[in-house]
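As a basis for the values below, the full set of heavy atoms in this structure was taken, side chains included, without hydrogen atoms, waters or symmetry mates.
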Amino acid sequence: MKYAWIDSQIIRDICHGNPAESYHPDIAAHYDTQVPYDAQQGDTFINGVLTPKPVPEYVAPPPVVAKPPKVSVIEYKMLFTSAERIATKASIDPVIVDLQELMNDPRTANVDLSLQSISYALDYMTAIGILAEGRKAAILTGVVV
């Protein structure tokens with residue numbers, strides 16, 4: 001036999017067997033309703049009708065999106081291969097020259113790889129052939145090659 005402690009028509013707890021043998025009399029008094037064997041905590045029991053508690057619908061957490069790290073200027077430069085660094089230094093393209101000036105400015109301590117301007121610069125370097133397709137993604141991981 002199962003007895004339930006019912007609070008506002010919801011089964012708060014269940015006792016298998018005689019509650020007086022398991023609990024102090026003050027507590028055992030709450031287990032005053034005999035319920036079906038398949039009753040569970042959280043179910044409702046109204047006028048002898050057992051209704052299982054609703055099963056919450058699973059909601060998948062949003063995917064974790066890795067944010068590119070901040071790296072020092074030297075670490076940023078080391079993300080490029082020797083050939084890519086040499087091609088960048090040799091370039092007379094104004095966009096590449098501007099990027100090199102920014103990286104060589106003594107006030108530049110770190111490079112935030114999550115900045116849109118860095119993403120655009122890498123796209124541009126790919127478009128003009130300094131970077132091979134797919135290198136942008138590798139560089140944005142912040143892992144030195």
Side-chain angles (χ1 to χ4, degrees), residues 1-85 87-88 91 93 95-145:
M1 293 199 153
K2 277 177 126 174
Y3 290 89
W5 178 340
I6 297 179
D7 201 9
S8 300
Q9 302 176 332
I10 297 174
I11 298 174
R12 177 178 174 175
D13 194 29
I14 295 176
C15 177
H16 299 274
N18 184 352
E21 294 175 2
S22 300
Y23 300 105
H24 183 276
D26 292 344
I27 301 298
H30 291 285
Y31 293 86
D32 59 357
T33 306
Q34 191 172 353
V35 293
Y37 183 74
D38 57 342
Q40 295 182 15
Q41 186 177 1
D43 292 349
T44 57
F45 193 66
I46 305 169
N47 298 325
V49 177
L50 179 68
T51 305
K53 66 182 170 188
V55 177
E57 191 174 311
Y58 175 74
V59 177
V64 176
V65 178
K67 181 179 177 186
K70 288 184 182 180
V71 296
S72 70
V73 173
I74 191 66
E75 288 172 326
Y76 174 75
K77 291 178 180 182
M78 293 302 295
L79 295 172
F80 296 86
T81 64
S82 291
E84 292 165 346
R85 287 193 304 271
T88 302
S91 178
D93 184 293
V95 174
I96 301 304
V97 170
D98 180 56
L99 181 62
Q100 286 298 306
E101 288 174 359
L102 286 171
M103 293 303 148
N104 293 328
D105 188 314
R107 296 171 294 181
T108 304
N110 294 303
V111 179
D112 185 347
L113 296 178
S114 68
L115 291 175
Q116 192 66 49
S117 58
I118 296 296
S119 179
Y120 289 154
L122 297 173
D123 287 340
Y124 186 78
M125 292 170 82
T126 303
I128 64 171
I130 291 176
L131 295 180
E133 288 293 327
R135 283 289 294 135
K136 173 185 174 181
I139 291 167
L140 290 179
T141 64
V143 178
V144 176
V145 288

Least distance between heavy atoms, [X] atom then [Y] atom:
{"X": "S91", "Y": "I130", "answer": "CB-CD1, 4.5 Å"}
{"X": "K136", "Y": "S119", "answer": "NZ-OG, 2.7 Å"}
{"X": "D43", "Y": "K53", "answer": "OD1-N, 2.8 Å"}
{"X": "R135", "Y": "L131", "answer": "CB-CB, 4.2 Å"}
{"X": "I118", "Y": "L140", "answer": "CG2-CD2, 4.4 Å"}
{"X": "D26", "Y": "H30", "answer": "O-CD2, 3.4 Å"}

Under a 3.5 Å distance rule, please check whether S22 uses its side chain to pair with a backbone N or O of P19 as donor and acceptor.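 Such a contact is absent between S22 side chain and P19 backbone.
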So how far is it from [X] [atom1] to [Y] [atom2], rounded to the nearest 0.5 Å?
{"X": "I96", "Y": "I128", "atom1": "CD1", "atom2": "CD1", "result": "4.0 Å"}
{"X": "N110", "Y": "Y76", "atom1": "CG", "atom2": "OH", "result": "13.5 Å"}
{"X": "K77", "Y": "N104", "atom1": "NZ", "atom2": "CG", "result": "4.0 Å"}
{"X": "Q100", "Y": "D98", "atom1": "CD", "atom2": "CG", "result": "10.0 Å"}

Go through the side-chain N and O atoms of R85 and T88 and say whether any donor and acceptor fall under 3.5 Å apart. no
Show me, pair by pair, the donor-acceptor contacts under 3.5 angstrom made by side chains of residues 4-17, not counting sequence neighbours?
unit_1 : atom_1 : unit_2 : atom_2 : d
D13    : OD2    : Y31    : OH     : 2.4

Show the atom names and distances, to 0.1 Å, of all donor-acceptor pairs under 3.5 Å that link a side chain in residues 58-75 to residues at least two apart or in another chain.
unit_1 : atom_1 : unit_2 : atom_2 : d
S72    : OG     : E75    : N      : 3.1
S72    : OG     : E75    : OE1    : 3.2
E75    : OE1    : S72    : N      : 2.8

Any chance you could lay out the side-chain contact (heavy atoms from CB on, under 4.5 Å) test for F80 and L122, step after step, and finish with the verdict? CA-CA 11 Å; F80 296 86; L122 297 173; 3.8 Å; yes
Going by side-chain hydrogen bond (donor to acceptor under 3.5 Å, both in side chains), name the residues that satisfy it together with D93, two or more places apart in sequence or in a different chain. Y124
